[in-house]
Amino acid sequence: MASPSPVAHETPDPSFAELIAARPQLSAHAFDGLMVEGVPLHVIAKAAGTPTWVYSAGTLRRRYRALAEALKNAGLDAGVHYAVKANDSLAVLRVLAKEGAGADVVSGGELMTVMAGGIPASRTVFSGVGKSAAEIRYALEQGIYQLNAESIEEVEIIDAIAQSLGVKAPVAIRVNPDVDARTHAKITTGKAENKFGIAIDDALALYTRMAAMPGIRPIGVATHIGSQITSGMAAYRAAYARVAELVHAIRAHNLPIERVDCGGGLGITYRDELPPPPEALAGAIATTLGGLGLPVMIEPGRWIAGPSGLLLTSVVLQKQGRGRRFVVLDAAMNDLIRPAMYEAWHGILPVAPARLTATAAAADVVGPVCESSDIFAKDRAMPDLPPGELVALLDAGAYGAVMSSTYNARPLAAQVLVDGERWAVIRPRQSMEELLAGQSVPDWIGAS
Ligand code: LLP
């Protein structure tokens, strides 16, 4: 039955029990089956339908606090600016806002979203390689905390807009330190060939120019080397050491500098990865940048939101192919695109108690979309899963709902927040009317 999966793994997949044990918000109840915090998933499925994203507020808080404390314990004056691109639900933002989080945004839309979620512009960093003039103007009008500029061309645009508004724009330059974060090629950002940032060797000259621009207040240096970094701290340390050198050079030229932005990228355990813990990141920042006596900030997205969410879905049918069983779900690549796009491995758990302990055999777990890449898992040990059985795709809280599309005219899935024994729909399932809303057919096409 086995055929090569897209990514060959040398170790066996974690068991259902291991997947549950490693995720504090999950438990398997003898009668209710899989639960998130105090809420059985079958209750949510019955009330909200499937597919539905389910987020754990407790996990968001626990992970935010773990990061903030690790930085504090390392003696750093540090801000945590949650990378909103990972999960931009207003309820998720509100949970983090109440913890005191700042935000990292990459569009005017994300800036509006974080403000609606309760994180003010004054705690928000605006990153991104191509901010439009309208976005820059909007961010400055809202009193943005920091704009991370990625090129001289962009700094000139910011300068002109800030002058027209009669303000000085707080600008950090994002440098590309040319280090290899050894992550998936599609999510590495700190190599010279990537489109991101300013080559670190050009940074001092740009910083010097910025200091002479009437619309710019140069405030710091930012870097971000990639995402889902699990291979240890070496790449981080190399990047931060280069940033520290740059800060020394900036100071040697008597130029002002207020803070360093250390980016995001800390990886999580999807399968059996052993990512460095927050203490290791805090330690790497402290040893490389701590001596500068400057406040620092980080921009984590996945580390906070990823483990907090799952995609709850139902089995449509099981199909016996030639020597291969397919479990067809009602969720698809339009909902969670990570397996199709990055060959990402996500844990998959049945929800019913009997299915969690039943004998399992290899199956391909797929969605109903008309693409061969609409596969969540190949050769995954799964019990018999008749139509209607519930299944949870784990660690889908980051880069899940935000990357959804309506491909195949599939409405966007509902979203739910669990907090202890309470839960609420935080975004209802999109209706077909909403999906078609706004479209029109020109009169001159004529009636059908
Ligand atoms: N800061 C900047 C400038 C970024 O570009 C990113 C992510 C982050 C922070 C947050 O990175 P994190 O802590 O979440 O790793 N869709 C992909 C991930 C793309 C990440 C893009 N940039 C995935 O599903 O794996």
Side-chain angles (χ1 to χ4, degrees), residues 7 60 63-64 66-67 79-88 92 96 101-107 110 114 124-131 146-151 154 172-177 181-191 194-198 220-231 235-236 239 243 260-271 273 275-276 278 281 285 296-309 311 333 335-346 376 393-405:
V7 175
L60 292 167
R63 295 183 73 87
Y64 175 84
L67 275 175
V80 178
H81 291 256
Y82 167 64
V84 174
K85 62 169 80 74
N87 184 324
D88 63 6
V92 166
L96 295 172
D104 167 61
V105 301
V106 290
S107 69
E110 278 194 355
V114 296
T124 301
V125 178
F126 194 160
S127 310
V129 70
K131 304 169 202 72
Q146 175 174 316
L147 290 168
N148 285 353
E150 301 223 6
S151 60
E154 184 180 29
I173 48 172
R174 172 164 173 190
V175 297
N176 184 328
R182 290 172 53 215
T183 181
H184 193 287
K186 285 185 183 163
I187 52 177
T188 195
T189 52
K191 289 168 75 178
N194 298 131
K195 71 180 176 186
F196 300 101
I198 295 153
V221 177
T223 195
H224 170 79
I225 55 175
S227 193
Q228 183 54 8
I229 298 173
T230 56
S231 58
Y236 273 119
V243 168
V260 174
D261 179 347
C262 300
L266 199 58
I268 62 170
T269 304
Y270 287 100
R271 188 175 182 276
E273 306 88 336
L281 176 63
I285 295 174
V296 296
M297 55 207 278
I298 58 170
E299 303 167 349
R302 184 191 321 264
W303 201 88
I304 292 175
S308 81
L311 180 57
M333 65 188 290
D335 302 298
L336 178 63
I337 202 174
R338 301 195 68 260
M341 195 157 171
Y342 315 110
E343 296 85 35
W345 192 101
H346 283 259
F376 291 119
L393 303 178
L394 304 184
D395 307 312
Y399 308 111
V402 283
M403 293 180 80
S404 296
S405 75

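All ligand and atom numbering here is 1-based and tracks the order in the structure. Here the structure is a predicted model, which is why all the values come from computation and not from measurement. Reckoned from all heavy atoms, side chains included, excluding hydrogens, waters and symmetry mates.
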Report each N/O pair between ligand 1 and the protein that falls under 3.5 Å, naming both atoms.
residue	atom	partner	partner atom	Å
ligand 1	1 (N)	Glu299	OE1	2.6
ligand 1	5 (O)	Lys85	NZ	3.4
ligand 1	13 (O)	Gly265	N	2.8
ligand 1	13 (O)	Gly301	N	2.9
ligand 1	14 (O)	Gly301	N	3.4
ligand 1	14 (O)	Arg302	N	2.8
ligand 1	14 (O)	Tyr399	OH	2.6
ligand 1	15 (O)	Ser227	OG	2.3
ligand 1	15 (O)	Gly265	N	3.4
ligand 1	16 (N)	Tyr342	OH	2.7
ligand 1	24 (O)	Arg338	NE	2.6
ligand 1	25 (O)	Arg302	NH1	3.2
ligand 1	25 (O)	Arg302	NH2	2.8
ligand 1	25 (O)	Arg338	NE	3.4
ligand 1	25 (O)	Arg338	NH2	3.0

Answer yes if the side chains of Arg302 and Ser227 hold a donor-acceptor pair under 3.5 Å, and no otherwise.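 Looking only at side-chain atoms, Ser227 and Arg302 do form a donor-acceptor pair, the distance falling under 3.5 Å.
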Under a 3.5 Å cutoff, is there a donor and acceptor pairing between the side chains of Gln146 and Asn148?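 Yes - a donor-acceptor pair under 3.5 Å links their side chains.
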Name all residues meeting the ring-ring contact (aromatic ring centres under 6.0 Å, His included) criterion together with His81; count only those two or more places apart in sequence or in a different chain, and write none if there are none.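 Once residues adjacent in sequence are excluded, the partners of His81 under the ring-ring contact (aromatic ring centres under 6.0 Å, His included) criterion are Tyr145.
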Output all residues satisfying ring-ring contact (aromatic ring centres under 6.0 Å, His included) with Tyr236, sequence neighbours left out; order by chain, then residue number. Tyr240
Please enumerate all residues that pass side chain to side chain contact (heavy atoms under 4.5 Å, CB included) together with Leu394, with sequence neighbours excluded. Leu19, Arg23, Leu26, Leu310, Leu349, Ala392
Show the numbers, then the answer: is there a salt bridge (charged side-chain N to carboxylate O under 4.0 Å, His left out) between Lys131 and Glu154? CA-CA 8 Å; Lys131 304 169 202 72; Glu154 184 180 29; 2.7 Å; yes
